[in-house]
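Input: a single structure, listed below in structure tokens.
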Protein chains: 2
Amino acid sequence: MTRMHKEHNLSKNQQIIFDLIHKSPEPLKAYTILFSVQKKGINAPPQVYRALDKLVEIGKIHKIESKNAFVSCKNSDCEISKATAFSICESCEMVDEISDVKLSKYLSSFNYKKGMKFKRFNLELFGLCKKCK
Amino acid sequence: MTRMHKEHNLSKNQQIIFDLIHKSPEPLKAYTILFSVQKKGINAPPQVYRALDKLVEIGKIHKIESKNAFVSCKNSDCEISKATAFSICESCEMVDEISDVKLSKYLSSFNYKKGMKFKRFNLELFGLCKKCK
DNA sequence: TACATACTGTTATATTATAACAATTCTAAC
DNA sequence: GTTAGAATTGTTATAATATAACAGTATGTA
Ligand SMILES: [Zn+2]
Ligand SMILES: [Zn+2]
Ligand SMILES: [Zn+2]
Ligand SMILES: [Zn+2]
């Protein structure tokens, strides 16, 4: 039987770091994570970065490129990790993952003239949130 | 002694660094720039980063966030870089600024439900270019 | 068992970016 | 032309972000 999706069982370090990111109300930076998990035996940057790389790869988290910070995926894990969009408040730094099917479809089907075939995109929208307006 | 270059109202360091980026076929990283301009008397990172910050601010260059690299603006009307989109080849690293009015209008008018009012966006589309396909 | 793959722990280093402060140059108002 | 504020420059030091390299350990599968 072929399974549609492999269920990713997270390793110990991956689970520790995912849990931390998942319960954080704001994007977390790698070294903030490192300092937070030292009590759990994760002592060095490579341990954090390896877990982060893997979690990004399987779509459990996303990297906010403009902030070098990580958020957990708020959509149905991993499937749309190749099509990410975020709203970012320039005042309070709040980040929210946008799940807008029309937007996602529009960008996924975007065809660029010069022969590019797109496999993935990342969109970051900046402005002021409700509170900060 | 040192006079402002009239052409774009850029200062000496800004002009040197803009020229370098502008004639580069590929995005340039800050320290690549630093090494390239040392013969012109720019010796330290802050000199490079200050020029880069200013050039980004006035829209002469853009930062490719996923690469920590800089390209010159290819849109003549991008005076304030509030709406940027790039196609990026995952194989050869080629980066191309997309100027698609429909896309730009679509994203600029994108209204997110949760009360965000967007002032600016950055879109990075990844795939394989014509050569690399 | 034996082998492959993924994950871990560790030290060191590379890369990217900013803080802080003094000096100079540009601009515009007087 | 003098003057004062803003912008730019030069400089040293350091902070923040990320990876290389290598050795060891678990885990799944044949
Ligand atoms: Zn997601
Ligand atoms: Zn806000
Ligand atoms: Zn542009
Ligand atoms: Zn290519």
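Convention: sequence-line order gives letters A, B, ...; per-chain numbering from 1. These numbers come from the heavy atoms of this one structure, side chains and all, not from hydrogens, waters or symmetry mates.
Sorted by first and then second residue, the salt bridge (charged side-chain N to carboxylate O under 4.0 Å, His left out) pairs involving residues 45-54 of chain A (not counting sequence neighbours) are A:K54-A:E57. Contacts classified as side chain to side chain donor-acceptor pair (under 3.5 Å) and involving residues 19-32 of chain A (residues at least two apart or in different chains) are given here: A:Q15-A:D19, A:H22-A:S72. Applying the side chain to side chain donor-acceptor pair (under 3.5 Å) test to pairs two or more places apart or on separate chains, those with a residue in residues 121-133 of chain A are A:S66-A:E124, A:T84-A:N122, A:N122-A:E124.
When the side-chain nitrogen and oxygen atoms of B:Q14 are compared with OP1 and OP2 of D:dT8, one or more of them lie within a distance under 4.0 Å. Contact annotation: B:S11 side-chain N/O to D:dA7 OP1/OP2 distance is not under 4.0 Å. Not one side-chain nitrogen or oxygen of A:K54 sits closer than 4.0 Å to the OP1 or OP2 atom of C:dT8. Contact check, A:N43 against C:dT10: a side-chain N or O comes under 4.0 Å of OP1 or OP2.
Nearest heavy-atom pair, A:C129 versus A:M94, reported as atom, atom and distance to 0.1 Å: CB-CE, 4.2 Å.
Put simply, CD on B:Q47 is 19 Å from P on D:dA7, counting in whole angstrom units. Put simply, CD1 on B:I33 is 15 Å from P on C:dT15, counting in whole angstrom units. Remark: P of D:dT9 and CD of B:Q15 are 11 Å apart, rounded to the nearest angstrom. Residue B:L52 contributes atom CG, which lies 12 Å from atom P of D:dT9 at whole-angstrom precision. Rounded to an integer number of Å, the gap from CD1 of B:I17 to C1' of D:dG10 is 13 Å. Straight-line distance from the CD1 atom of B:I16 to the C1' atom of D:dT9: 11 Å, rounded to whole Å. With rounding to whole Å, B:E65 atom CD is found 12 Å from C:dT16 atom C1'. D:dG10 atom C1' lies 13 Å from atom CG of B:L34, rounded to whole Å.
Partners of B:K63 under the salt bridge (charged side-chain N to carboxylate O under 4.0 Å, His left out) rule, at least two apart in sequence or in another chain, do not exist in this structure.
Annotation for A:I88: hydrophobic cluster partners, listed by chain and number, are A:I64, A:V71, A:F86, A:V95, A:F126 (ILVMFWY side-chain heavy atoms under 4.5 Å, direct or chained).
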Going 5' to 3' through nucleotides 15-30 of chain D and flagging B where a protein heavy-atom sits under 4.0 Å of the base, S where only the sugar-phosphate is that close, and - otherwise, we get --BBBBB---------
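Rounding to the nearest 0.5 Å gives a distance of 6.5 Å between CG of A:L107 and CG of B:L125.
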